[in-house]
Amino acid sequence: MSTPAQRLAAVRQRIADAARAAGRDPAGVALLAVSKTWPADDVRALAALGQTAFGENRAQELTAKAAELADLPLEWHFVGQLQRNKAAAVARTGAVVHSLDRAPLARALSRAGEERGTPVGVFVQVDLGGAAGELAERGGVAPEDVAALADEVAELPGLRLRGLMAVAPRGEEPGPAFARLAELAARLRADHPGADGLSAGMSGDLEEAIAAGATLVRVGTALFGSRPLTSPRVTPVTGAPPGAPEEVV
Ligand SMILES: *Cc1c(COP(=O)(O)O)cnc(C)c1O
């Protein structure tokens with residue numbers, strides 16, 4: 001059994017190796033620890049090792065964990081499908097939202113950002129395609145609709161557009177999918193120079209994502225271990241988010 005310190009060191013090493021292989025500065029790739037399904041004590045253990053950014057994919061789990069860990073200076077991120085009526089609760093945790101994929105949700109998050117007094121950082125999630133049936137589960141806007149949604153986000157006073165996010169489609173090599181994402185990200189930056197973030201790469205494909213320009217990798221399994229089965233719809237495939245989305249508008 002490995003320790004949290006060993007797992008964190010191994011992931012950091014993978015990030016550094018991948019960045020150098022791509023001719024990039026490892027400091028340009030942030031590590032988001034995806035703590036979904038893991039108890040607050042496991043977050044505490046990683047936080048004690050210097051990890052500060054944590055991600056959750058269910059609103060209720062995020063708000064509960066953020067409250068339980070309020071004594072730590074953590075930075076929260078939300079990476080799951082988000083229901084509009086939970087936008088305010090998510091925003092109150094200070095979370096950056098990686099899964100923005102529709103205008104009504106953007107407006108709800110913007111209102112929440114105005115209420116809390118600081119804009120909500122958002123990534124527009126892109127659907128990179130893949131096997132039928134998987135798309136609705138993973139969410140994301142079609143590539144051809146990215147620009148329109150990004151333009152709308154940029155106009156909203158309570159949001160700050162950070163860039164694009166995607167999950168590599170199953171059943172396809174991640175490299176070409178992330179290359180498509182990088183192309184979309186370059187186009188976005190041309191229109192919105194501040195939106196230079198690229199949230200891509202998980203335990204199974206962070207090297208390919210960093211090669212394509214990821215500025216933030218979202219890693220769960222490689223840091224915490226394999227998630228327990230929590231739902232009959234869970235497919236225990238490495239690199240796959242667990243369970244069915246609990247919240248769909
Ligand atoms: C669970 C999840 C991750 C982390 O996946 P691992 O394969 O466990 O590293 C990353 N991104 C999203 C959107 C997730 O739901």
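Read the numbers this way: they start at 1 and go in the same order the structure lists the ligands and their atoms.
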S.K.: Would you mind writing out the side-chain donor-acceptor pairs for residues 143-167 within the sub-3.5 Å range, not counting sequence neighbours?
M.R.:
{"residue": "D151", "atom": "OD1", "partner": "H192", "partner atom": "NE2", "Å": "2.8"}
{"residue": "E152", "atom": "OE2", "partner": "R107", "partner atom": "NH1", "Å": "2.9"}

S.K.: Using a strict threshold of under 4.0 Å (side-chain N to carboxylate O), is an ion pair present between E61 and K36?
M.R.: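 Salt bridge between K36 and E61, a charged N being under 4.0 Å from a carboxylate O: no.
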S.K.: Please identify which atoms of ligand 1 are closer than 4.0 Å to at least one heavy atom of T221.
M.R.: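 Counting from 1, the qualifying ligand atoms are 6 (P), 7 (O), 8 (O), 9 (O).
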S.K.: Between R44 and D71, does any NZ, NE, NH1 or NH2 come within less than 4.0 Å of an OD or OE carboxylate oxygen?
M.R.: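 Looking at R44 together with D71, the answer is yes, because their closest N to O distance falls below 4.0 Å.
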S.K.: Among A222, S226, S203, which residue places a heavy atom closest to atom 6 (P) of ligand 1?
M.R.: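 Nearest heavy atom to atom 6 (P) of ligand 1 lies in S203.
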S.K.: Can you sort out which atoms of ligand 1 are near M165, meaning under 4.0 Å from one of its heavy atoms?
M.R.: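 What qualifies from ligand 1 is 13 (C).
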S.K.: Salt bridge check, E115 against R111: does any charged N sit closer than 4.0 Å to a carboxylate O?
M.R.: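 Salt bridge flag = no for E115 with R111.
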S.K.: Would you mind running through ligand 1 and noting each atom that sits below 4.0 Å from a heavy atom of K36?
M.R.: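 Matching atoms, with element in brackets: 1 (C), 2 (C), 3 (C), 14 (C), 15 (O).
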S.K.: What atoms in ligand 1 come closer than 4.0 Å to a heavy atom of R218?
M.R.: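 So the answer, numbered in order with elements, is 4 (C), 9 (O), 10 (C), 11 (N), 12 (C), 13 (C).
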S.K.: Let me know which of L82, V141, V120, L109 forms a side-chain contact (heavy atoms from CB on, under 4.5 Å) with L100.
M.R.: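 Only one option passes, and that is L109.
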S.K.: Are any of the N/O atoms in V219 less than 3.5 Å from those in ligand 1?
M.R.: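 There is no such contact.
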S.K.: I need the full list of ring-ring contact (aromatic ring centres under 6.0 Å, His included) pairs touching residues 46-74, with sequence neighbours left out, sorted by first then second residue.
M.R.: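 For residues 46-74: none.
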S.K.: Taking atom 5 (O) of ligand 1 as the point of reference, which of M202, R58, H98 owns the nearest heavy atom?
M.R.: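 Ranked by closest heavy atom to atom 5 (O) of ligand 1, first place is M202.
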